[in-house]
Amino acid sequence: MSRNAKIAVGGLAVGLILLIWLPWWVALLIIVGVPAAAYLALDPSQRRRLRRVTRKELGR
């Protein structure tokens, strides 16, 4: 299994556990909020680089 697949499976497992333990709206807030906060924590140059790499991969 590739590294990205392992990360996706781990994220899915954490999401399911959160949905079981917490109300659905709190789990959704955490699932959406953590990546958004991580993106906003990047420097503007790092954000540009991330967008450029993402566009290159989409154009394959």
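Computed from a prediction, not measured in an experiment: that's the story for all the values here. Along the sequence shown, residues carry numbers from 1.
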**Q** Taking a hydrophobic cluster as the set of Ile, Leu, Val, Met, Phe, Trp and Tyr residues connected by side-chain heavy atoms closer than 4.5 Å, whether directly or through intermediates, do Trp25 and Val14 fall within one such cluster?
**A**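 As far as the 4.5 Å side-chain criterion goes, Val14 and Trp25 are connected within one cluster.
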**Q** Give the cluster check for Ile20 versus Leu12: same hydrophobic cluster or not, with ILVMFWY residues linked at side-chain heavy-atom distances below 4.5 Å.
**A**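 No, Ile20 does not connect to Leu12 through the hydrophobic network.
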**Q** Should Leu40 and Leu50 be regarded as members of a common hydrophobic cluster, given that ILVMFWY residues are connected when their side-chain heavy atoms come within less than 4.5 Å of each other, either directly or indirectly?
**A** yes
**Q** What's the shortest heavy-atom distance between Tyr39 and Arg51, and which atoms?
**A**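 Minimum heavy-atom separation between Tyr39 and Arg51: OH-NH1, 2.9 Å.
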**Q** Is the shortest heavy-atom distance from the side chain of Leu42 to the side chain of Arg49 under 4.5 Å?
**A** no
**Q** What pairs with Trp24 under side chain to side chain contact (heavy atoms under 4.5 Å, CB included), at least two apart in sequence or on another chain?
**A**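 Expected list: Leu19, Leu28.
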**Q** Identify, with sequence neighbours excluded, every residue that meets side chain to side chain contact (heavy atoms under 4.5 Å, CB included) alongside Pro35.
**A**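 With neighbours one apart ignored, the set is empty.
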